[in-house]
Amino acid sequence: MPGFKLYNSLSRTVEPFAPADGETVKLYSCGPTIYNPAHLGNFRTFLFTDLLRRVLQLRGWKVDQVMNLTDVDDKIIKRATEQGKTIREVTDPVASIFHEDRKYLRIADAEHYPRATAYIPQMIALVERLVRNGVAYQAEDGSVYFAIRKFAGYGKLSRLDTREIQSGARVAQDDYSKENAQDFALWKAAKPEDEACGAAWDSPWGRGRPGWHLECSAMAMAILGETLDLHTGGIDLIFPHHEDEIAQSEAATGKPFARCWCHGEFLLTDGAKMAKRVGNVQNVADLRAEGVSGAAVRHFVYSTHYRKQLNLSGDALEGSMEAVRRVADFAERLAAAKGGTRALDDAADRFENDFRAALFDDLNAPEAMAALFTFIRVANKELDAGGTDASAVHRAREVFALADGILDIVPEPVEADGALAAWVEGQLAARAEARARRDFAAADAIRDALDAKGIVIEDGAGGTRWKATR
RNA sequence: GGCGCCGUGGCCAAGUGGUAAGGCGGCAGACUGCAAAUCUGCUAUUCGUCGGUUCGAUUCCGACCGGCGCCUCCA
């Protein structure tokens, strides 16, 4: 079994990775805050996590994955307050949309999707533990903070010097009465609006709600244990989110929180980070309306290595749509093939090797896809050549299925409804007749009429095949 | 100011100290009545610029130019 390597943000190097117990990867993936549908930038990270998950399985490990849904935070409370709703009324519909979008992009189900509000007792217990360990304190405003000075490892992930953080341009002089400007809230004292929308719970420190960082630590440890194998998220989460998770988790347990941290780079639009504040977001629903399949989005995202910024452009997306069409045509052709050649068999072996090697080397999806397209070209050629070797075709199908199980970039065929199909068949019969009497003007007119309805036809040795494209 | 990433053909994008994968697009050819699909060939003497190290650099080092990100909202 070839080795598997991943870039670890902690060491900032690509290093060999294996689950601690040698069997099951305990994977925690920072998920969405469900106050608004996640945009494509968010989904790039989730797609990276999906690839990671599938490749870990390809490597032969089981995966126990947690993806949290943050359903209590400032933005959610703000929205609930504005709309006169409870936070639950705000988050439930958005959670549904998230899963719908996720499925459209074929992101595999994680084993757990915990919601923060379902883990309040665990969060309180964690804060109590931190208070007991002397690294957390309740301030005059009633909130409980983590004293970063008490945790020696603070900054080891982000490598931000604490003094630099202090003098940083964006250290807010907020209204909380912290001992140190960098201390972060573990438990926030409830305000009237928190109470009004159901975002306040009883605690040893009075009514309040969890700080953002706390939920990930509490849920990760509750479900997966005190040390994770892998923790993933977007690169912007390195600081402060993940730094704070490390601090509060390790200060509580004395154990490493995650053995390996992986971060996905941003999706850019027009050369800037895709973000709501920038106003350049695109949602899954937008792409869907434009007829971009989930398969095409996957191809697009995986065409760039996950640690490199990716610029969303119409041209690139169209290229992906076309590329994925080619894969689908190949899949269909392979499924229908009767026999192959020795060369096809060899190509399949080479492909599997190259494919695994690329993916096991820090998830090099672009290279894995290059191997796929090379295989498709060679296989098409061999299928053109004919051949009678059934085992070669079997082997080709097997390897193609393996690759498709990871990339998942074969688009769903467009289903034509019965009425349309009947009409198409009628037109094709008429066209066949016209061609038979060499009335090509009439035949071409029919082809144009079909084309106008999005029906593409291919004349082949065995007759004319057609498919709907919309 | 601190920390970090990136700059490869028209577009997207891998990659290596030994002479540039793959996709999209384009051009030409085969196939086709014509197309479509598929296949074949061509499409970067060159990897932001300038230096350095080296027998040899796109790959290592330095400077510069350009782009992006993080520094408690942030995938």
Side-chain angles (χ1 to χ4, degrees), chain A residues 12 29-33 38-49 73-75 155 158-161 163-172 174 181-185 211-213 232-241 243-244 263-268 271-278 299-300 303-305 307-311 313-327 329-330 332-333 354 358 364-374 376-378 380-385 435 438-441 443-444 447-448 451 456-460 464-466:
Chain A
R12 302 205 178 175
S29 304
C30 277
T33 296
H39 60 251
L40 267 156
N42 302 313
F43 274 110
R44 184 191 181 193
T45 299
F46 304 145
L47 243 12
F48 143 61
T49 298
D73 96 315
D74 293 354
K75 284 179 195 157
S158 59
R159 302 200 183 178
L160 288 175
D161 186 288
R163 272 185 329 197
E164 295 303 340
I165 296 168
Q166 241 168 339
S167 60
R170 278 168 59 184
V171 171
D174 60 27
Q182 306 156 68
D183 289 351
F184 58 91
W212 175 41
H213 315 302
T232 68
I235 194 165
D236 52 346
L237 258 30
I238 288 179
F239 189 87
H241 189 53
E243 196 70 65
D244 291 349
H263 295 94
E265 255 293 356
F266 288 134
L267 178 67
L268 312 180
K273 171 181 175 178
M274 181 181 282
K276 288 182 188 107
R277 64 192 304 217
V278 182
H299 173 95
F300 170 68
S303 69
T304 300
H305 186 86
R307 283 192 288 114
K308 207 172 157 189
Q309 292 177 343
L310 205 205
N311 200 218
S313 74
D315 283 356
L317 214 46
E318 278 170 30
S320 287
M321 291 168 77
E322 195 52 33
V324 129
R325 193 229 84 232
R326 185 157 183 245
V327 178
D329 281 357
F330 173 72
E332 216 175 294
R333 200 176 171 198
D354 293 350
N364 194 335
E367 201 160 290
M369 288 208 289
L372 170 65
F373 281 97
T374 298
I376 288 176
R377 194 184 62 246
V378 174
N380 266 323
K381 187 176 172 179
E382 294 308 316
L383 292 176
D384 275 352
R435 291 180 74 206
R438 303 192 69 75
D439 182 355
F440 296 121
D444 291 349
R447 184 167 62 201
D448 290 344
D451 185 65
V456 173
I457 63 173
E458 288 175 26
D459 295 327
T464 299
R465 299 179 342 125
W466 65 276

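Counting non-hydrogen atoms under 4.0 angstrom, A:Asn380 reaches the backbone sugars and phosphates but no base. Among the protein residues, A:Arg447 comes within range of the nucleic acid bases, having at least one heavy atom under 4.0 Å from a base atom. Among the heavy atoms of the strands lying under 4.0 Å from A:Leu268 are primed sugar atoms or P, OP1, OP2 only; no base atom is included. If you check every strand for non-hydrogen atoms under 4.0 Å, A:Leu383 touches nothing. Residue A:Phe440 is in base contact, counting any heavy-atom pair closer than 4.0 Å across all strands shown. No engagement by A:Met321 is indicated, since no non-hydrogen atom pair under 4.0 Å with the nucleic acid exists. Residue contacts shown for A:Gly233 are limited to sugar-phosphate atoms, with no base heavy atom under 4.0 Å away. Heavy atoms of A:Ala323 sit under 4.0 angstrom from primed sugar atoms or phosphate atoms, though from no base atom. The residue A:Glu322 sits close only to the backbone: its heavy atoms come under 4.0 Å of sugar-phosphate atoms, none of a base. Note on A:His305: only backbone sugar-phosphate atoms sit closer than 4.0 angstrom, heavy atoms only; bases stay farther off. Here A:Asp244 lies out of heavy-atom contact (under 4.0 Å) with every strand. Across all strands shown, A:Arg435 has heavy atoms under 4.0 Å from base atoms, whether or not it also approaches the sugar-phosphate.
In terms of modelled atom types and a separation under 3.5 Å, the side chain of A:Thr49 and the main chain of A:Thr45 share a donor-acceptor contact.
Rounded to the nearest Å, the gap between the C1' atom of B:G2 and that of B:U72 is 16 Å. Atom name P, nucleotides B:G7 and B:G48: the rounded distance is 8 Å, in whole Å. Across B:G29 and B:C47, the matching C1' atoms stand 31 Å from one another, rounded to whole Å. Taking atom P in both B:G52 and B:A57, the straight-line distance is 11 Å, to the nearest Å. Straight-line distance between the C1' atoms of B:G10 and B:C3: roughly 36 Å, to the nearest whole Å. Comparing the same atom, P, in B:G15 and in B:U59 gives a spacing of 15 Å after rounding to whole Å.
Contact annotation: side chain of A:Arg159 to base of B:G4, donor-acceptor pair absent below 3.5 Å. For B:G25, its base never sits under 3.5 Å from the side chain of A:Asp315 at any donor and acceptor pair. Donor-acceptor pairing under 3.5 Å, judged by distance alone, is present between the side chain of A:Asp459 and the base of B:C34.
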With side-chain contact (heavy atoms from CB on, under 4.5 Å) as the criterion, how do A:Glu265 and A:Lys308 come out once you've worked through the C-alpha distance, each side chain's angles and the decisive distance to 0.1 Å?
CA-CA 6 Å; A:Glu265 255 293 356; A:Lys308 207 172 157 189; 5.5 Å; no

Criterion side chain to side chain donor-acceptor pair (under 3.5 Å) on A:Asp459 and A:Thr464, from CA distance to verdict
CA-CA 4 Å; A:Asp459 295 327; A:Thr464 299; 2.8 Å; yes

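For A:Ser303, the side-chain atoms get nearest to B:C12 when compared with the rest of B:G23, B:C12, B:U72. Closest to the A:Asp384 side chain, of the nucleotides B:A36, B:C73, B:U38, is B:U38.
Side-chain N/O atoms of A:Arg326 include one lying less than 4.0 angstrom from OP1 or OP2 on B:G23. Between B:U40 and A:Lys381, a contact under 4.0 Å exists linking OP1 or OP2 to a side-chain N or O. Contact annotation: A:Lys273 side-chain N/O to B:C70 OP1/OP2 distance is under 4.0 Å.
Base pairing of B:U53: no nucleotide in any strand meets the Watson-Crick or G-U wobble criterion (both distances under 3.5 Å).
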